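Read the structure below first, then the notes.
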Amino acid sequence: MADKNTLYKRKIIRELYFTGNLSCLDLSTRIKTSLPLSTKMLNELIGENVILETGYAPSTGGRRPLTYSLRPDSLYIVAVAMDQLFTRIVIMDMQKKPVMDVSKFELHLTKNHRAPDTLIEKINEHIHQSGIRKEEIAGIGISMPGFVDAKKGVNYSFLGTGDKSLAQYITERTGILTFVENDSSLVALAEFRFGAARNKKTVMVINLGWGIGLGMILNGELFRGHNGFAGEFSHLPLFSNNKLCSCGKSGCLETEASLLEVIGEAEEGIRNGRLSMLNKYLPAENLDLAARAILSAAEQGDKFAVELLSRAGYNIGRGVAILIHLLNPETIILSGRGASAGKIWQAPIQQALNEHCIPRLADSTGIELSTLGYNAELMGAAALVMENYIRLEKNKTAKKEMPVSS
């Protein structure tokens with residue numbers, strides 16, 4: 001019974017993490033158990049200083065129910081967001097607030113056999129600086145590019161760790177359970193749990209970054225595909241441009257619309273004499289600074305920067321037209337690093353849809369901007385830990401209850 005009680009408690013913690021405040025009746029409905037048992041578990045969690053009463057819910061005509069939320073310091077999550085060039089680490093509390101500044105450092109993933117150990121060193125260093133005991137950390141969630149099999153904890157594109165999965169390798173060297181997932185899938189998870197995709201059933205989340213990622217919410221669930229590799233939007237072969245893509249093929253969407261391509265076009269334009277506020281920033285050795293400069297210039301109305309993003313946006317729109325024809329989504333959400341340029345993306349994407357998409361389909365699909373932006377990957381990495389919070393206890397309980405064969 002103790003293990004089952006722990007499972008119910010974890011379900012309550014998970015629901016409160018994703019939802020915020022809930023009444024006992026709401027929790028009972030969500031975790032599918034009786035009201036008396038939910039009340040008992042809530043009282044025990046209050047006694048354990050895990051949750052607290054947060055006042056009364058708004059009146060709906062009857063007696064106002066008490067609501068509950070997680071204590072911020074009851075547990076912590078280490079969230080890691082990686083791209084091909086840079087990595088960010090932050091520790092979040094149970095109210096999804098960082099307990100210290102985000103640690104950001106350059107870490108190239110390609111042809112870098114030291115990358116896994118460097119990452120582990122940085123994670124351990126960040127935890128040490130926080131003063132939080134590892135026993136207080138629910139897990140480490142890692143968002144990263146590449147072909148990621150989340151169930152096996154393996155990234156087939158980056159960070160090879162020999163005969164052990166990446167998740168196992170990091171778990172052993174940090175002492176904290178670790179989960180890995182594709183970055184675009186976790187951007188979609190963050191939008192679904194906390195952002196513009198919340199309470200929606202069919203949503204395509206475009207991750208605007210060094211590539212053009214895609215996370216899919218289908219029928220109210222994150223869709224990963226057969227091996228977890230669904231959503232390689234960046235590699236749709238849309239162009240006959242003879243430009244080599246990072247995947248080894250040519251003509252992919254990435255070669256005409258990624259932020260790396262935008263930076264390359266910006267530097268070429270500056271060399272050829274284009275007038276722009278970017279003249280004082282480009283060429284730049286730091287790609288992160290270069291990308292931020294272009295996005296910021298576009299937001300300030302710089303004509304050249306707007307042209308660059310508009311061209312990329314139109315090409316992304318061509319790919320989005322394919323998604324709409326195939327999946328008929330309710331909403332397309334623009335998220336990730338590049339989403340900070342805001343509405344500048346929307347007009348060229350809409351223009352492409354007007355030209356390449358059947359109107360009856362396009363008219364029923366909204367295009368929205370993320371409210372999470374560049375934080376989406378970190379929030380998705382934290383959410384990954386809590387998505388697995390129940391499964392770990394379920395597996396433990398199932399093993400203990402499994403009959404021993406004679």
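What you see is a predicted model; the values in this text were computed from it and never measured.
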Shortest non-hydrogen contact from [X] toward [Y]:
| X | Y | value |
| --- | --- | --- |
| T365 | P329 | OG1-O, 2.9 Å |
| I12 | M41 | CD1-CB, 3.6 Å |
| I170 | I140 | CG2-CD1, 4.5 Å |
| V205 | S335 | CG1-CB, 3.9 Å |
| K40 | E44 | NZ-OE2, 2.8 Å |
| E368 | A196 | OE1-CB, 3.8 Å |

Contact check, side chains of [X] and [Y], non-hydrogen atoms, under 4.5 Å:
| X | Y | result |
| --- | --- | --- |
| D93 | D73 | no |
| H235 | L253 | no |
| E377 | N207 | yes |
| F233 | L323 | yes |
| M144 | L166 | yes |
| T33 | K4 | no |
| Y389 | I13 | yes |
| F304 | L278 | yes |

For [X], does the [atom1] atom have more than 12 heavy-atom neighbours from other residues, nucleotides or ligands under 6.0 Å away?
| X | atom1 | answer |
| --- | --- | --- |
| K200 | NZ | yes |
| L37 | CG | yes |
| E106 | CD | yes |
| N242 | CG | no |
| K249 | NZ | no |
| Y281 | OH | no |
| D363 | CG | yes |
| K303 | NZ | no |

*Let me see the working for L218 and M204 under side chain to side chain contact (heavy atoms under 4.5 Å, CB included), right down to the final yes or no.*
CA-CA 9 Å; L218 299 180; M204 304 290 105; 3.7 Å; yes
Tell me whether [X] contacts the main-chain N or O of [Y] through its side chain, where contact means a donor paired with an acceptor under 3.5 Å.
| X | Y | result |
| --- | --- | --- |
| S234 | G211 | no |
| N328 | I324 | no |
| S364 | L361 | yes |
| K243 | S250 | no |
| W345 | A312 | no |
| N279 | S276 | yes |
| T331 | G366 | no |
| S165 | Q168 | yes |
| D302 | M277 | yes |
| N155 | D149 | no |

Calculate, to the nearest 0.5 Å, the distance between atoms [atom1] and [atom2] belonging to [X] and [Y] respectively.
| X | Y | atom1 | atom2 | value |
| --- | --- | --- | --- | --- |
| E181 | L384 | CD | CG | 6.5 Å |
| L186 | E387 | CG | CD | 9.5 Å |
| L238 | E254 | CG | CD | 12.0 Å |
| R114 | L119 | CZ | CG | 11.0 Å |
| L70 | R14 | CG | CZ | 12.5 Å |
| T39 | L27 | OG1 | CG | 9.5 Å |

*Do we get R88 above Y374's six-membered ring, with its NZ or CZ under 6.0 Å from the centre and within 45° of the axis?*
yes
*Does NZ or CZ of K104 come closer than 6.0 Å to the centre of the six-membered ring of F86, within 45° of the ring's axis?*
yes
Regarding [X] and [Y], do their side chains bring together a donor and an acceptor under 3.5 Å, going by distance alone?
| X | Y | value |
| --- | --- | --- |
| D183 | S143 | no |
| Y17 | Q95 | no |
| N227 | K152 | no |
| S74 | N49 | no |
| E191 | S370 | yes |
| T54 | T67 | yes |
| S23 | D26 | yes |

[X] with [Y]: basic N within carboxylate O range, under 4.0 Å:
| X | Y | answer |
| --- | --- | --- |
| D83 | R337 | yes |
| K9 | E48 | yes |
| E15 | K11 | no |
| E265 | R311 | yes |
| R271 | E268 | no |
| D288 | R292 | yes |

*Fit a plane to each ring of F229 and Y156, take the angle between them on a 0 to 90° scale, and name the class: parallel (under 30°), tilted (30 to 60°) or perpendicular (over 60°).*
perpendicular
*Go through the steps to decide whether L378 and M92 satisfy the test side chain to side chain contact (heavy atoms under 4.5 Å, CB included), and finish with yes or no.*
CA-CA 9 Å; L378 287 171; M92 294 185 185; 3.9 Å; yes
*Y169 and D117: CA distance, side-chain angles, deciding distance, side chain to side chain donor-acceptor pair (under 3.5 Å) verdict*: CA-CA 9 Å; Y169 189 80; D117 292 323; 2.8 Å; yes
_Stepwise side chain to side chain donor-acceptor pair (under 3.5 Å) test for N375 and K96_ = CA-CA 11 Å; N375 290 324; K96 298 171 281 293; over 6 Å; no
*When you look at L369 and K343, which way does the side chain to side chain contact (heavy atoms under 4.5 Å, CB included) test go after all the steps?*
CA-CA 7 Å; L369 293 169; K343 294 183 179 179; 3.7 Å; yes
*Apply side chain to side chain donor-acceptor pair (under 3.5 Å) to the pair N241 and T255, showing each step before the final yes or no.*
CA-CA 9 Å; N241 57 13; T255 66; 3.0 Å; yes
